[in-house]
Undergrad: 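Sharing a structure, written as structure tokens. Questions coming.
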Amino acid sequence: MTRSDSFDSTEEAIEAAVLSWFDETWDPDLGLLEWRGHLVDSGWAVPSWSEQWFGQSLPAWADRVAHQAIRRAGGVAMPLGGGMGLAAPTMYDHASDALKTNYLRKTLTGELTWCQLFSEPGAGSDLAGLQATAVLDGDEWVVNGQKVWNTSADHADMAILVARSDWDAPKHAGLTYFVLDMRQPGVEARPIRQMNDHASFNEVFLTDARIPKENVVGEVGAGWKVARGTLAHERAYSTNRSIDFAPAATGRVVREAKAEAAEYNKTYVWYPQRQGRLDLVIDRARSTGTSADPIVRQEIAKVISLHRSAEWTAGRAKAARDLGRPPGSEGSIGKLALSEVARQCNRVHTLISGASGMLSDTGDPVDTVVAEVLLSTPAQSIAGGTDEIQRNILGENVLGLPKEPAPDRGRPFREVGR
Ligand SMILES: Cc1cc2nc3c(=O)[nH]c(=O)nc-3n(C[C@H](O)[C@H](O)[C@H](O)COP(=O)(O)OP(=O)(O)OC[C@H]3O[C@@H](n4cnc5c(N)ncnc54)[C@H](O)[C@@H]3O)c2cc1C
């Protein structure tokens with residue numbers, strides 16, 4: 001019998017079961033890690049996972065129901081970040097039992113933080129063309145190369161890394177997926193200053209960085225398949241970057257969780273601006289007197305309609321995820337819609353603010369935010385796969401258009417290379 005056999009798999013039944021466990025167990029004076037340890041052991045941290053790995057084999061939507069119930073009751077659920085969003089689900093899907101034993105629990109409790117070392121100077125959209133190289137030396141892999149645009153790499157404990165382990169295999173077949181300890185001498189992360197003056201991502205230099213043989217995720221040479229799994233999880237994770245605390249939530253656990261979230265948000269403080277800050281548009285138009293201008297009104301109506309339809313698409317994607325369905329075309333359509341909303345917000349803010357939108361120090365705090373919006377929205381159509389790549393995916397997978405020519409397919413990467 002599984003733990004979930006003791007109640008029906010309905011939202012109400014799951015919420016009641018979580019709250020019953022929570023009422024018995026919650027102790028606001030515990031430390032955050034100790035509390036999350038109890039949560040993980042209870043099966044309510046990731047109820048959709050199997051019993052062997054901290055879950056209860058419940059449907060995918062049970063995770064959200066459990067976390068919301070705990071937060072509403074004044075408690076603390078899971079940490080934010082690439083650990084929960086990318087590393088943990090990828091390891092759960094593909095890693096050996098030994099790797100899961102070493103890393104899953106510490107990732108779920110938030111003890112370990114993670115970053116993603118995928119992109120390289122010559123391999124972003126064409127990720128499978130990456131050249132960072134891993135060579136087996138006895139019981140360890142030795143990695144050399146350069147990664148770039150790696151969010152949080154300057155302070156993460158661990159990384160998920162894709163590197164080329166076989167230059168004689170075809171492009172996609174020579175890659176291996178690793179778990180890398182960032183805190184070692186062969187790893188140097190240098191923050192990159194962005195045009196909006198934040199520095200949330202880095203270039204990372206790997207010089208004889210060492211990885212134990214057991215830290216391969218999936219099979220050697222099958223890293224592309226595992227990386228695609230991470231990218232699918234990334235689409236869901238990229239819309240989930242905040243934690244709500246109930247007003248009544250107090251105590252040591254809550255204090256430590258708030259400090260953890262505040263630390264995490266330092267990196268992502270400009271992310272709302274990158275989405276365009278639609279919430280500011282109407283008040284801003286009214287306060288500047290531009291709300292009577294027919295062109296401004298028309299552009300505002302356009303962005304609101306775009307946003308509304310993007311929300312419906314996101315709702316469809318979420319419903320499909322909750323049902324445990326593999327990511328479909330909604331992911332690409334939703335990502336494109338968010339880029340369009342961000343671009344249109346940029347256009348509307350520019351119409352409303354005029355030249356003062358370029359100033360970050362007018363004495364009006366909203367001007368500062370608008371200036372940051374104008375410099376941050378381009379990131380929306382790049383991160384997590386550019387607009388052009390989403391259109392390629394839709395063209396090929398949904399519309400059935402011919403695939404892009406791939407002259408390098410099937411030939412040893414060493415021959416086709418860069
Ligand atoms: C905010 C942010 C956070 C990021 N965080 C991370 C991270 O944590 N870890 C990580 O590894 N990476 C990260 N990235 C990198 C991101 O994944 C890449 O920037 C993205 O995949 C695009 O790659 P690129 O920058 O090399 O651009 P390129 O691939 O060089 O693309 C340049 C231009 O060419 C177009 N293009 C390329 N190929 C095609 C094609 N086949 N058809 C049509 N047009 C094409 C693109 O659409 C784009 O307009 C982050 C990026 C951003 C903006």
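Just so you know, these numbers use all the heavy atoms, side chains as well, and skip hydrogens, waters and symmetry mates. As the structure lists them, so they are numbered: ligands from 1, and atoms in each ligand from 1.
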Undergrad: Would you say Ile295 has more than 12 foreign heavy atoms packed within less than 6.0 Å of its CD1?
TA: no

Undergrad: Would you say Asp166's side chain and Asp168's backbone share a donor-acceptor pair under 3.5 angstrom?
TA: yes

Undergrad: Could you tell me whether the side chain of Thr25 and the main chain of Phe22 form a donor-acceptor pair under 3.5 Å?
TA: no

Undergrad: Ring centres of Trp49 and Phe54 under 6.0 Å apart?
TA: no

Undergrad: Tell me whether Leu33 at atom CG has more than 12 heavy atoms from other residues, nucleotides or ligands lying less than 6.0 Å away.
TA: yes

Undergrad: Anything with a heavy atom under 4.0 Å from ligand 1 counts, so go ahead and list those protein residues by chain and number.
TA: Gln116, Phe118, Ser119, Gly124, Ser125, Trp149, Asn150, Thr151, Phe201, Trp270, Tyr271, Arg274, Ile382, Ala383, Thr386, Glu388, Ile389, Asn392, Glu404

Undergrad: Which donor-acceptor pairs under 3.5 Å do the side chains of residues 214-229 make with protein atoms, sequence neighbours left out?
TA:
from: Asn215; atom 1: ND2; to: Tyr103; atom 2: OH; distance (Å): 3.3
from: Asn215; atom 1: ND2; to: Val179; atom 2: O; distance (Å): 3.1

